[in-house]
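Note sheet for the following structure.
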Amino acid sequence: MAPGAAAADTSTHAYGEASYWDQRYSKDRGTFDWYQKYQSLGPLFDLYLRRHHRLLLVGCGNSVLGESMVDDGYQDVVNIDISSVVIEAMQEKYSDRPRLKYIKMDVREMSSFESSSFDAVIDKGTLDSLMCGPNATENATKMLKEVGRVLNDKGVYILITYGDPSYRLNLLRGVELWNINMHVIELIIVPPLPLLFLPDRTEKTPGQKAWELTTPLPLNEDGSSVSAVLGSNPEVHYIYVCIKGERR
């Protein structure tokens, strides 16, 4: 599968359905973090987030991202997931951590949240999963519009994804809500569904990096500037930092 090809997958999967994830989490009671862990993402978060910010982690699953962020001083972390099974498990697990909240909710319909009620939304794989399902563009657009609605002005949507700019940039810009800063991070975690999200290789190529996590890459209209820096078949996750209200 070509880099970013999760966005172009012609097969469909039930990743937008609660029943799929309920079944999955009923069988898998352990913890798992898609793509990257907090320890690797922390320096980037420090650029855009403050410890007092109200944060929304979408498609949280049984990730320890929220726990790690609270342990590092973040004061208000709300986690949502479409699966009642995993939300109930996480509510029980963190019942003694008031700064960590878990709510069953579909990211495409977050009407329980008021508009402009979060400083940041963090997404590790949720948009990717919708892009592998039926009506991908429609569902992804619904999600992005809801993300934009719940964000404060100048709030940030941080998307960690396998989708390179040729697969994600038009989608993100299509909602006309934000300016986008482009970052990348080394691919260090292989998810359990490699045929869906992972390019057809798992080994990183050693060598001198042409980028740093905390330095945005140049991003032109079609995203070709990113490829010019990274070269062909880079072993990275792409991180789109979408800043609401700063359109260029």
Side-chain angles (χ1 to χ4, degrees), residues 2-4 6-7 33-53 55-58 65 68-69 72-74 118-128 144 147-148 151-173 175 177-191 197-199 201-248:
D33 266 281
W34 292 91
Y35 300 173
Q36 300 282 336
K37 295 185 178 181
Y38 176 67
Q39 289 77 2
S40 60
L41 294 168
L44 179 75
F45 290 171
D46 285 340
L47 284 181
Y48 295 102
L49 308 179
R50 299 295 176 262
R51 295 306 192 266
H52 67 273
H53 280 172
L55 309 179
L56 176 62
L57 276 52
V58 297
L65 177 63
S68 298
M69 296 186 77
D72 197 30
Y74 288 93
F118 289 94
D119 298 292
V121 176
I122 300 173
D123 172 5
K124 293 196 302 148
T126 299
L127 185 70
D128 281 5
L144 293 174
V147 166
L151 276 176
N152 292 331
D153 190 40
K154 310 301 184 185
V156 295
Y157 168 49
I158 301 177
L159 168 65
I160 298 101
T161 173
Y162 275 111
D164 69 35
S166 67
Y167 291 106
R168 292 289 180 267
L169 203 52
N170 285 340
L171 180 67
L172 290 168
R173 285 177 170 163
V175 294
L177 289 170
W178 35 49
N179 178 55
I180 301 173
N181 290 344
M182 181 87 246
H183 297 260
V184 292
I185 188 170
E186 285 182 291
L187 190 157
I188 60 172
I189 294 179
V190 178
F197 298 155
L198 184 64
R201 57 197 187 279
T202 58
E203 296 294 329
K204 298 190 296 293
T205 302
Q208 183 68 33
K209 293 189 300 184
W211 49 268
E212 294 294 336
L213 170 63
T214 54
T215 302
L217 297 179
L219 185 62
N220 60 2
E221 189 65 26
D222 64 1
S224 59
S225 57
V226 176
S227 299
V229 172
L230 299 180
S232 60
N233 300 327
E235 294 289 346
V236 299
H237 289 122
Y238 299 86
I239 305 176
Y240 301 81
V241 180
C242 307
I243 306 172
K244 184 178 176 182
E246 291 191 357
R247 292 173 54 197
R248 290 202 295 260

| task | Report the C-alpha distance between Asp46 and Arg51 in whole Å, list the side-chain angles of each, state the deciding distance to 0.1 Å, and finish with yes or no for salt bridge (Lys or Arg N to Asp or Glu O under 4.0 Å). | result | CA-CA 9 Å; Asp46 285 340; Arg51 295 306 192 266; 3.0 Å; yes
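- The minimum heavy-atom distance linking Asp222 with Arg173 is given by the pair N-NH1, 4.4 Å.
- Proximity of Glu186 to Gln36: side-chain heavy atoms (C-beta onward) are nowhere separated by under 4.5 Å.
- Leu230 has its side chain within reach of Tyr238: a pair of non-hydrogen atoms, C-beta onward, lies under 4.5 Å apart.
- Nearest heavy atom pair, residue Met182 against residue Pro165, reads SD-CG, 4.1 Å.
- Of the possible donor and acceptor atoms, one in the side chain of Ser225 sits under 3.5 Å from a partner among the backbone N and O of Pro218.
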Before giving the answer on salt bridge (Lys or Arg N to Asp or Glu O under 4.0 Å), spell out for Asp33 and Lys124 the whole-Å C-alpha distance, their side-chain angles and the decisive distance to 0.1 Å.
CA-CA 8 Å; Asp33 266 281; Lys124 293 196 302 148; 2.8 Å; yes
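- No side-chain donor-acceptor contact under 3.5 Å links Asp72 and Ser68.
- With values rounded to the nearest 0.5 angstrom, Tyr48 atom OH is found 9.0 Å from Thr214 atom OG1.
- A distance of 6.5 Å separates CG of Leu159 from SG of Cys242, quoted to the nearest 0.5 Å.
- Between Val184 and the choices Ile239, Thr215, Leu217, the side chain to side chain contact (heavy atoms under 4.5 Å, CB included) rule is met once, by Leu217.
- Of the possible donor and acceptor atoms, none in the side chain of Trp178 sits under 3.5 Å from a partner among the backbone N and O of Gly155.
- In this structure a side-chain-to-backbone donor-acceptor pair under 3.5 Å is missing from Lys244 to Val156.
- Across all non-hydrogen atoms, the minimal contact from Thr126 to Val58 is OG1-O, 3.2 Å.
- Of the charged side-chain nitrogens involved, at least one lies within less than 4.0 Å of a carboxylate oxygen, so that Arg168 and Asp128 count as a salt-bridged pair.
- Between the side chain of Asp123 and the backbone N or O of Gly125 there is at least one donor-acceptor pair closer than 3.5 Å.
- Counting heavy atoms from C-beta on, the side chains of Phe45 and Met69 come closer than 4.5 Å.
- The distance from the CG atom of Leu41 to the CD1 atom of Ile158 is 8.5 Å, given to the nearest 0.5 Å.
- Smallest separation of non-hydrogen atoms from Gly245 and Asp153: CA-OD1, 3.8 Å.
- Tyr157 pairs with exactly one of Val241, Leu144, Ile243 by the side chain to side chain contact (heavy atoms under 4.5 Å, CB included) rule, that one being Leu144.
- The shortest distance between side-chain heavy atoms of Leu219 and Leu169 falls below 4.5 Å.
- Interatomic distance, NE2 of His237 versus CG of Asp164, reported as 12.5 Å (0.5 Å rounding).
- The shortest side-chain heavy-atom distance between Ile185 and Ser40 falls under the 4.5 Å cut-off.
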query: Given Val121 and Leu56, is the side-chain contact (heavy atoms from CB on, under 4.5 Å) satisfied, shown in steps?
result: CA-CA 5 Å; Val121 176; Leu56 176 62; 4.1 Å; yes
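- Of the N and O atoms on the side chains of Asn181 and Tyr240, not one donor lies less than 3.5 Å from an acceptor on the other residue.
- For His53 and Tyr74, the ring centers sit 6.0 Å or farther from each other.
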